[in-house]
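Side chains included, hydrogens not; waters and symmetry mates left out as well; all remaining heavy atoms used. Residue numbering restarts at 1 for every chain, and letters A, B, ... go by the order of the sequence lines.
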2 protein chains.
Amino acid sequence: MKKEAEVLVADEIGGEVTTDASLIGRVRALYEAMAPAERRVADLILYFPGELHGYSASELAGLAKTSNAAVSRFVRRLGFGNFEEMRLLARQESENGSPVALMRQQGQAASAQPHDLARHVETVTNNLQKTVAGIDSLAWTALIEAAATAPRVWINGFRHGFHLAGYLKWSLAHVRGNVFLIPGPGETFGESLVDAHPGDLAVLFAMRRRVPATTRLAKTLREIGVRVAIVTDSGMTDTLGAEFVLRCQSRTRGATDDHASAFVLAHALIEGLIQHLGPDARKRFTAVDSRHDAMGEFG
Amino acid sequence: MKKEAEVLVADEIGGEVTTDASLIGRVRALYEAMAPAERRVADLILYFPGELHGYSASELAGLAKTSNAAVSRFVRRLGFGNFEEMRLLARQESENGSPVALMRQQGQAASAQPHDLARHVETVTNNLQKTVAGIDSLAWTALIEAAATAPRVWINGFRHGFHLAGYLKWSLAHVRGNVFLIPGPGETFGESLVDAHPGDLAVLFAMRRRVPATTRLAKTLREIGVRVAIVTDSGMTDTLGAEFVLRCQSRTRGATDDHASAFVLAHALIEGLIQHLGPDARKRFTAVDSRHDAMGEFG
DNA sequence: GCAATTATGAAATCATATTTTCAATCACAG
DNA sequence: CTGTGATTGAAAATATGATTTCATAATTGC
C-alpha cells in the first residue's frame, strides 16, 4: 500500500515522457489518455496472469483482440522506443521480484522489513498448502462433478461461514442455475427445503464454533437424500455424515481463525466447475455479466 | 503455431536414458553427448537465474560466451524443431509452476485433475505473496492505527466485495464497536451516512468491475472528511482519492478473479487490530462470544 | 607428423516479428 | 447531412532475430 501522493504520474502530453515508474505504474498513469484499442492492451497487461516478457507483441495483440499496430502505438505511448525496450523492463522487474521492489530502489530507501503482515501471510500460506495436501484429488473431482450435475445446489453457513456461503452462492449463480442460500431471509430451514430432492447437492460451511442448526440441517439433508459436502476445520471430529469432507487448516498464532483456505476452496470449486462445464458455463457467466451491464450497474 | 513438432526427446545414441520431458530434464539427459560449446549453453540453462523465456537465442549465446550457431545446434539436439518451440515449453513450464508439475502431467496420464486444484492454489499463493510485497509496512501500520482510533468505521462492498465487506464487518464488530456496513438493507447511502463524521474510517472493497456507486461513495466520504481506505486490484487506475490503497493481485488463469488476497488482508487487519488494542480487544472479543453462548447459539 | 574428423563462430541467408503507412470507418460538431 | 479529426487494422516496409553455410581451428587416430 502506498499513500496516494506517492503514486507517480507521468506528464503524458508533450511527448517527453520521462517517468521512472514501474511498467504497470506507467500503464496506470497513462490509462486515461488511451484509445479503446490501446486500453484493451493495457487491461491485458494490468491483469496479466503470467510473466509479460516471453510474449511477443503479436501474441499480445492477439490476446487483446486488437491489431499489431495498436500494440505498437501502445508501446510508444508508454514512452518506450520500441517493443523490445518494454520487454526488457518487464523482464528486469520480474527478476527483481515485484515491480514495487524496483520502484523502491529508485524512490525511497528501504522501509521494508518483514512485518507482522508478512508473517501472518506466511501462516496463511502454510495453512493453504496443508489444506490442499489433505484433499483427495478423486474426491475433489467427484465434488465438481456433483456440483455440475446436481439439479439444485443448497448452500449454508453461519457466523464466518455465512459470508463464505454468500460468496459461494453469488459466484456459483454465475455458473449454473438453481443455487440457493439457505435459510433465506426470514425463513426457517423447513420452508427453505421444501424443494430439496434426492440427488441435489448441499455445501455446508461448518467451521469451528458450529451452531447446532448446522448439525440438524446436515441430518435433514441426508434424510432427504441430498448429497452433502462440508467445509470444516482440520480438528473437527464430527463430519456430520457428509459424503464430501473438505478439511481446512485454520489455526493462526493470533486470536482468530484463518478461513482463507475455505475461501480459496470455494473459489477453486467455481473455477473447476467452469472448466468442467466448458462453453456452457462461460456462456452463462458472460450472460450474467452483460445482464448486469444492461442494468447499468457498473462503471 | 506449427503442428509438426513432435515433442519427443530423441533418445539419442545409447537410448538408455529414461527421459523426462521437462526442459531441464532434457538438457541433463543429453548433457554427456554435447560438445563443449553446447555444454556452456546447457550450464547456463541448468543454473539459469531468471526465467528462460524472454531471452532470445542471441542473448543466450552471448551469456554462454558462444555463437548463435552453437545455440541453434543445441536447440536441435534437444529435439526441438527450432528455438521458438523451446521458448514455448519454457514459458509453459514457468507458468505451470514448477517444471516438476509438467513432468508429472505427462508421466501419469490418467490421473487427470489432481493438479488443477494444486495449480490453482499455487496461483493464489503467488498472488498473496505479490500483494503483500506491494504493501508498505508503514502505511499498513497507519491503517491499523486508524482502525483502532476512528470513532466509527464504515464498510462497503458490492458484488464480490459485498461478501468480503460482510466478513470484515462481522469480524471487526468482535473487536471494536461502531462498525457499520453500508448501505444497510433498504437504505440509501444518504441515510446510511448521516452519522458519518470527520476522522471516521471507511473501508471500501472496490475490485474489478466496480459499480458507479462506489465511486460516488468515495467522493462523498472524502467530502465529509472521512478517511478512506480502498481494497482494489493491482490494475485499477483510479484509486478514488483514497488515503490508503491496498492493491491486491487477483488475476488467475481461469475465468474468474481471485479475491483471496483481499480476504486475507481483511483478516490480517483484524489480527493487527487485536494486537494493537491489546487486552481491550480481547476482552470485547470474548465478551461477544460468551454473549453468543448465553443465547445458546453454538454447539 | 599427417590425414580424417569434429567443433567452432563469422557472416550470409532466411524467417519472423515489429513498425509504418494508409484507406476505411467512426464520432461528433456545425 | 457534411466536414473534420480521431481511431482502427490490413498490409507493405523494415528491423531484428534465428538458422545455415563455410572456412578455419582444434582434436583424434594411426
Side-chain angles (χ1 to χ4, degrees), chain A residues 12-15 17 23 26-27 30-45 48 50-91, chain B residues 1-7 10 12-14 23 26-27 30-45 48 50-91:
Chain A
E12 41 224 74
I13 303 150
V17 180
L23 178 54
R26 291 195 199 194
V27 177
L30 297 170
Y31 191 83
E32 292 304 324
M34 290 177 193
E38 287 175 31
R39 281 196 186 180
R40 284 210 298 283
V41 183
D43 287 332
L44 182 74
I45 289 180
F48 205 72
E51 300 289 352
L52 187 58
H53 64 267
Y55 284 76
S56 70
S58 326
E59 278 178 299
L60 258 34
L63 291 168
K65 302 222 164 60
T66 185
S67 65
N68 285 4
V71 173
S72 198
R73 283 190 287 262
F74 170 86
V75 168
R76 292 296 247 285
R77 186 191 296 279
L78 252 45
F80 297 101
N82 55 35
F83 183 79
E84 192 58 16
E85 275 183 27
M86 188 179 94
R87 155 185 271 161
L88 248 49
L89 179 60
R91 198 167 78 188
Chain B
M1 314 292 177
K2 289 180 183 174
K3 293 293 171 71
E4 243 286 39
E6 6 247 331
V7 195
E12 292 288 281
I13 308 91
L23 180 55
R26 291 193 198 195
V27 176
L30 298 169
Y31 192 82
E32 292 305 323
M34 289 177 193
E38 287 176 31
R39 281 195 187 181
R40 286 208 298 283
V41 183
D43 287 332
L44 181 74
I45 289 179
F48 205 72
E51 301 287 354
L52 186 58
H53 64 268
Y55 284 76
S56 70
S58 327
E59 279 179 298
L60 257 35
L63 291 168
K65 300 219 163 60
T66 184
S67 66
N68 286 3
V71 173
S72 197
R73 282 190 285 264
F74 170 86
V75 167
R76 290 302 241 292
R77 186 190 296 280
L78 252 44
F80 296 100
N82 55 35
F83 185 79
E84 190 58 15
E85 276 181 25
M86 187 178 97
R87 154 185 270 165
L88 247 48
L89 179 61
R91 196 167 81 186

What are the two closest heavy atoms between [X] and [Y], and how far apart are they?
X: B:Ala57; Y: B:Phe83; result: N-CZ, 3.3 Å
X: A:Leu60; Y: A:Leu44; result: O-CD2, 3.7 Å
X: B:Tyr55; Y: B:Arg87; result: O-NH2, 3.5 Å
X: B:Arg40; Y: B:Lys65; result: NH2-O, 2.9 Å
X: B:Asn68; Y: B:Ser58; result: OD1-CA, 3.5 Å

Could you state the atom-to-atom distance from [atom1] of [X] to [atom2] of [N] in whole Å?
X: A:Glu84; N: D:dA18; atom1: CD; atom2: C1'; result: 14 Å
X: A:Met34; N: D:dT8; atom1: CE; atom2: P; result: 12 Å
X: B:Met86; N: D:dA18; atom1: CE; atom2: C1'; result: 12 Å
X: B:Tyr55; N: D:dG17; atom1: OH; atom2: C1'; result: 17 Å
X: B:Glu85; N: D:dA18; atom1: CD; atom2: P; result: 14 Å
X: A:Arg77; N: C:dT19; atom1: CZ; atom2: P; result: 15 Å
X: A:His53; N: C:dA17; atom1: NE2; atom2: C1'; result: 18 Å
X: A:Glu38; N: D:dT7; atom1: CD; atom2: C1'; result: 9 Å

- [ ] Using atom types as modelled and distance alone, determine if a side-chain donor or acceptor of B:Arg39 lies under 3.5 Å from a backbone N or O of B:Glu32.
- [x]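 Between the backbone of B:Glu32 and the side chain of B:Arg39 there is a qualifying donor-acceptor contact (under 3.5 Å).
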### Query
B:Arg40 side chain N/O closer than 4.0 Å to the phosphate oxygens (OP1, OP2) of C:dG9?
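True: B:Arg40 side-chain N/O within range (under 4.0 Å) of C:dG9 OP1/OP2.
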(Q) Please tell me if A:Ser56 has a side-chain N or O lying less than 4.0 Å from either OP1 or OP2 of C:dT16. (A)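 False: A:Ser56 side-chain N/O out of range (4.0 Å or more) of C:dT16 OP1/OP2.
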For this session: Take B:Arg26 and B:Leu89 through the test side chain to side chain contact (heavy atoms under 4.5 Å, CB included) and record every step on the way to the result.
Result: CA-CA 12 Å; B:Arg26 291 193 198 195; B:Leu89 179 61; 4.2 Å; yes
Between the protein and nucleotides 24-29 of chain D, which nitrogen or oxygen pairs are less than 3.5 angstrom apart?
none

- Task: Side chain of B:Phe83 only, please: which of D:dA18, C:dT20, C:dG9 is the nearest?
- Result: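 Closest nucleotide to the B:Phe83 side chain: D:dA18.
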Within residues 59-74 of chain B, which residues have any heavy atom lying less than 4.0 Å from an atom of DNA chain D?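 Nucleic-acid contacts, sorted: B:Asn68, B:Ala69, B:Ser72.
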- Relative to the ring of B:His53, is the ring of A:His53 parallel (under 30°), tilted (30 to 60°) or perpendicular (over 60°)?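 A:His53 vs B:His53 ring planes: parallel.
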Out of B:Glu85, B:Arg73, B:Met34, which one pairs with B:Leu78 under the side-chain contact (heavy atoms from CB on, under 4.5 Å) rule?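 Among the candidates, only B:Met34 passes.
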